[in-house]
There are 2 protein chains.
Amino acid sequence: MVRKPATLKDVAALANVSRATAARALNSYGYVGDETAQKVQAAAEKLGYRGNRLAQALRSGQLPIVGCILGDIQNPFFARIAHDIEVLARECGHNLVIGSSEEELAQEISLLASLRSLSIRGFIVAPTSQGNNAHLQGLIDENVPLVLIDRVAEGVDCDSVVVDNEGGARKAVEYLIGMGHTRIGLLQDDMRIFTSRERRSGYRSALAAAGIAADDRMVAVSQSTVEHAVDATIRLFSQKSPPTALFTVDSLMTQGALLAFRSMGVSIPHDVSLIGFDDFNLATFTDPQITVVSQPVSEIGRAAARVLFERLAGKDEAPQKIRFETKLIVRGSVSRRSGV
Amino acid sequence: MVRKPATLKDVAALANVSRATAARALNSYGYVGDETAQKVQAAAEKLGYRGNRLAQALRSGQLPIVGCILGDIQNPFFARIAHDIEVLARECGHNLVIGSSEEELAQEISLLASLRSLSIRGFIVAPTSQGNNAHLQGLIDENVPLVLIDRVAEGVDCDSVVVDNEGGARKAVEYLIGMGHTRIGLLQDDMRIFTSRERRSGYRSALAAAGIAADDRMVAVSQSTVEHAVDATIRLFSQKSPPTALFTVDSLMTQGALLAFRSMGVSIPHDVSLIGFDDFNLATFTDPQITVVSQPVSEIGRAAARVLFERLAGKDEAPQKIRFETKLIVRGSVSRRSGV
DNA sequence: AGACGATGTGAGATCGATCTCACATATATT
DNA sequence: AATATATGTGAGATCGATCTCACATCGTCT
């Protein structure tokens, strides 16, 4: 047997009142007689009336859903953020739609278009691309709240939550330099990605400050997956004079580097020192434990959601640009290098 | 400047036709003159008309969204599943709403109610509870497609995708027994959870088949988080005659056990053998690598989504009960025990 | 007594897209 | 020439909830 969900009309009919009166009773606005209100409540109860959020949304123009477009939910960094956003959204009576851009601009654009046609109230996006942000600008033009996370997009003036990528990377590389390293490798992500660029810039400025010449042979570019990072690391360390230390720009790549070193029989920190951006669960499982620059992952999603809901509540001030600090966590994967 | 999205009415006005004709031209049904169709297309293009899926959904009664209620997106097992579902949903022109029950029945119920009032087309749920499934039965009564994953719910007759938990657990414990272990510990999750019960049952039947008496002191119950698992493991191994081998029922608990052993100075596999249910990325990062019973994680989400979309396409056959096999992956965390 | 405000209710419009139906024309068939 | 049939188009209903407005019916105050 297929029951249809009860509508307001059904409730009104059962309570012997008009739809208007039923609506007043259920949403408590306007004048309603006590007795009438009771009748309506009882009828609603009896029919299991739940209201149709779709119809409400059509009328009000907005669905109580926020959209979230991330690079990849499987990346623990984004998973954590998604979780935090979901919790906060629920507290605010909203649901969360999740989409994964898989770091493809085209995918990001099409997802956004698809979600916009749902009259979703606001978005949290980790933009794939630096330029080409007409789709994001479009949101702003139509006054749809948008919060960027992890990355900012050029020319798009809106709220954002990021970390100090450049400073974090610099801290990491300065630490390596302080430990006597001069041939410092960089394993970085696709240059389209904001964090990758910023972290590389921190790497370079630390080298420059120490008077170490930049050397392209010390830099490997890979996609942000464990598998690609393994290959890139092997390539980087198969040169005749390989780096003595490696800085990796995210946790998946750090893990890839670890696997690569193991397969090459390279011992950490004896043969090579390693330091990664973004802490990860199992950084303390390895022997030695991995030294990392950690970012406050648990803050990012919450901050973004908080800002978004402030906007939804009508806050109309200049965009907030939140930027969290990073922290160097020294463990055991970096060794002092004396002379060459 | 705040632009409003263009409506069909706007397009019709610009093209100098009625709304009905505009709709026909854009959705290509019924008779439309060639010239008229062109005009409408051009007008739609010019206004950037995108259609309002909310209005369409109100009329058709269904929003092109599928809902997904999982235990926790942060668990890599669920993250993987969510990702696979999202990809398949997108291919089918649907979006994905994600909710986390946090293993609380009340949360699961309220989330489901909230999503149902959105007229969402179908659901994929990992049910928290065994009994008390009126909320799930309610979906079936109203003919809303439902696919259960990872767990089944008593008395709810619908599609499901699970793995052979009992068989997998038995394989693991039989392997330990074959390696000469008799004092085999079990680190398990909350008994409310289906997989936890099934895996314990496999553990017990393997012991029974080998004539080993069940011993409650060999069993520790914990929540499925790394932190709780650490504590539970420490308790379990602080007894005067602790187990010589441990079977953990999920990957987070395996990781917790690893950390606990490290902090207790217990060496694997020399002092204690370890085998976990569910493979995880970093099982091969440790030394030794961890022996596990793996489940085909990449199949589960895809299978569930495929079944769901078949239902949405109108398939009306008996519920499919898909059950994947597990595989014992022998690595280095179990050692042979000769005598006691 | 007449007027005014407070209280309670229902009819109907609205949100945007779609679909049925009726009404046109044009072409084909007997 | 008369009737079918094909082809185009628009008016209006519909989905469900909400809101405005008009219309009641009270009581209260001058």
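Protein chains get the first letters and strands the later ones, always in sequence-line order, with residue 1 at the start of each.
The distance between atom CG of B:Leu58 and atom C1' of D:dA13, rounded to the nearest whole Å, is 13 Å. Per the geometry, CG belonging to B:Leu26 stands 13 Å off P belonging to D:dT9, to the nearest Å. Rounded to whole Å, the distance from CG on A:Leu8 to C1' on C:dG10 is 13 Å. For A:Tyr29 and C:dT7, the OH to C1' distance is 16 Å, given to the nearest whole Å. Separating the CG atom of A:Leu47 from the C1' atom of D:dG16 is a distance of 15 Å, rounded to the nearest angstrom. Atom CD in A:Glu35 sits roughly 16 Å away from atom C1' in D:dT25 (whole-Å rounding). The distance between atom CZ of B:Arg53 and atom C1' of D:dC15, rounded to the nearest whole Å, is 18 Å. Taking atom NZ of residue A:Lys9 and atom C1' of nucleotide D:dT14, one finds them 9 Å apart after rounding to whole Å.
Side-chain contact of B:Ser114 with A:Asn95: a donor-acceptor pair under 3.5 Å is present, judged by distance alone. Looking at B:Ser129 and B:Arg192, their side chains never bring a donor and an acceptor atom within 3.5 Å of each other.
As judged by a 4.0 angstrom heavy-atom cut-off over every strand, A:Thr36 is placed among residues touching the sugar-phosphate backbone only. No engagement by A:Gly30 is indicated, since no non-hydrogen atom pair under 4.0 Å with the nucleic acid exists. Backbone-only contact: B:Gly51 has heavy atoms under 4.0 Å from sugar-phosphate atoms and none from a base.
Out of C:dG10, D:dT9, C:dG16, the shortest distance to the side chain of B:Arg59 is found at C:dG16. Taking only side-chain atoms of B:Ala20, from C-beta outward, the nucleotide of D:dA11, C:dA13, C:dT9 with the closest atom is D:dA11.
Between C:dA17 and B:Tyr49, a contact under 4.0 Å exists linking OP1 or OP2 to a side-chain N or O. For C:dC15, the OP1/OP2 oxygens have no side-chain nitrogen or oxygen of B:Asn52 closer than 4.0 Å. In this model, the phosphate group of C:dA17 is not approached by any side-chain N or O of B:Asn27 to a distance below 4.0 Å at OP1 or OP2. A close approach under 4.0 Å does not occur between any side-chain nitrogen or oxygen of A:Thr21 and OP1 or OP2 of C:dT9. Residue B:Tyr31 places none of its side-chain N or O atoms closer than 4.0 Å to OP1 or OP2 of D:dG8. Checking the phosphate oxygens (OP1, OP2) of D:dT18, a side-chain nitrogen or oxygen of A:Gln56 falls inside 4.0 Å.
The existence of a salt bridge linking A:Glu103 and A:Arg151 is confirmed by a sub-4.0 Å separation between a basic side-chain nitrogen and an acidic carboxylate oxygen. Ion pair B:Glu86/B:Arg90 flagged as a salt bridge, since at least one NZ, NE, NH1 or NH2 atom sits closer than 4.0 Å to an Asp/Glu carboxylate oxygen.
In this structure, CG on A:Leu148 lies 7.5 Å from NZ on A:Lys321, to the nearest 0.5 angstrom.
A donor-acceptor contact under 3.5 Å is not formed by the side chain of A:Arg24 with the base of D:dT18.
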